[in-house]
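Keep in mind that what you see is a predicted model, and the values were worked out from it rather than measured.
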Amino acid sequence: MLSVNGVTKRFGGLVALDKITFDVKKGEVLGLMGPNGAGKTTLLNVIAGEHAPDEGTILFKGHDITRLPPHKICHLGIARTYQIPQPFVSLTVRENLLGSTVFSRRMKMSEGAALDDQIFGLTGLTEKKETLAGSLPILSLKRLELARALAGRPDLLLLDEIAAGSTEADIPRMLAAIKEIRNMGITIIIIEHIMKVLMGAVDRVIVIDKGVKIAEGKPSAIMCDNKVIEAYFGA
């Protein structure tokens, strides 16, 4: 579904991504790991079109999206969440979802309303449909961020620390939500620092450190990799 080939991104003299290469299969849940500042969010930004890479190419379902703007990439079927939720604060939860549904995939209002009901249930926002987004607490805003991304019915979903701030009791619900999203036929790339969420959700992990891919494999193997241990804890 997605092929990232030799992607490099520089910010002045800082090399944020250095020749990153990997593929994502349809239906897969891929995890991205790495210490703070490793380049994980920059990688999502490049895939979503918010930053153009300085080198390399990105193919999505066979289409070259390397230098497409974000709105065109969204229309092709890629959606994302942000670490800091970015809702329309003066709109209700329902209006936020309806806007994403209609404009992300250019659906009719009636079609969007029907799709949103399923997403309300999945994200636990059913009782907050008519609440203004600006009045929601942070965990509900995180759920709304996920709901808005899902409302456009993406083929590929990029999740950036969607479980941040969750309690121990929230983790099973988050894992169940990711499983249900996958069952909807959506491929997922997830950045997450809560290891119980990451290890419980993904098929494969890629580890980035200082912009370089240092490891790739099954979660159990990655957690025993000396390069990964050194990246997180030092030599």
Query raised in the report: Which residues pass the side-chain contact (heavy atoms from CB on, under 4.5 Å) test with R204, sequence neighbours left out?
Result: E28, L30, I206, E216
Requested in this report: Report yes if some heavy atom in the side chain of M199 is under 4.5 Å from a heavy atom in the side chain of M33; otherwise report no.
Outcome: yes
Requested in this report: Report the hydrophobic cluster partners of I84, with the cluster defined as I, L, V, M, F, W, Y residues connected by side-chain heavy atoms closer than 4.5 angstrom, directly or transitively.
Outcome: none
Requested in this report: Please examine the side chains of I47 and L2, heavy atoms only from C-beta on, and report whether any two atoms are closer than 4.5 Å.
Outcome: yes
Query raised in the report: Going by heavy atoms in the side chains, are K61 and K26 under 4.5 Å from each other?
Result: no
Report summary line: Applying side-chain hydrogen bond (donor to acceptor under 3.5 Å, both in side chains) to T187 and not counting sequence neighbours gives none
Under 3.5 Å, sequence neighbours excluded: what are the donor-acceptor pairs made by side chains of residues 168-184?
| from | atom 1 | to | atom 2 | distance (Å) |
| --- | --- | --- | --- | --- |
| E168 | OE2 | K196 | NZ | 2.4 |
| D170 | OD1 | R173 | NH2 | 2.6 |
| D170 | OD2 | T167 | N | 2.9 |
| D170 | OD2 | T167 | OG1 | 3.0 |
| R182 | NE | G27 | O | 3.0 |
| R182 | NH1 | D203 | OD1 | 3.2 |
| R182 | NH1 | D203 | OD2 | 3.4 |
| R182 | NH2 | G27 | O | 3.4 |
| R182 | NH2 | D203 | OD1 | 3.1 |
| R182 | NH2 | D203 | OD2 | 2.6 |
| N183 | ND2 | K179 | O | 3.4 |

Query raised in the report: How long is the gap from CD1 on I208 to OG1 on T42, to the nearest 0.5 Å?
Result: 9.0 Å
Query raised in the report: Less than 4.0 Å between a side-chain N and a carboxylate O, is that true for E55 and K9?
Result: no
Report task. For N96 and F88, work out which heavy atoms get closest and say how close. Result -> OD1-N, 2.9 Å
Query raised in the report: Taking only residues two or more places apart in sequence or in another chain, which ones pass side-chain hydrogen bond (donor to acceptor under 3.5 Å, both in side chains) with D23?
Result: S3
Identify all side-chain donor-acceptor contacts of residues 217-225 below 3.5 Å with residues at least two apart in sequence or on another chain.
| from | atom 1 | to | atom 2 | distance (Å) |
| --- | --- | --- | --- | --- |
| D225 | OD1 | K227 | N | 2.8 |
| D225 | OD1 | V228 | N | 3.4 |

Requested in this report: Please report the C-alpha distance between F22 and L43 in whole Å, then the side-chain angles of each, then the deciding distance to 0.1 Å, and finally whether the side-chain contact (heavy atoms from CB on, under 4.5 Å) criterion is met.
Outcome: CA-CA 12 Å; F22 64 91; L43 179 56; 3.7 Å; yes
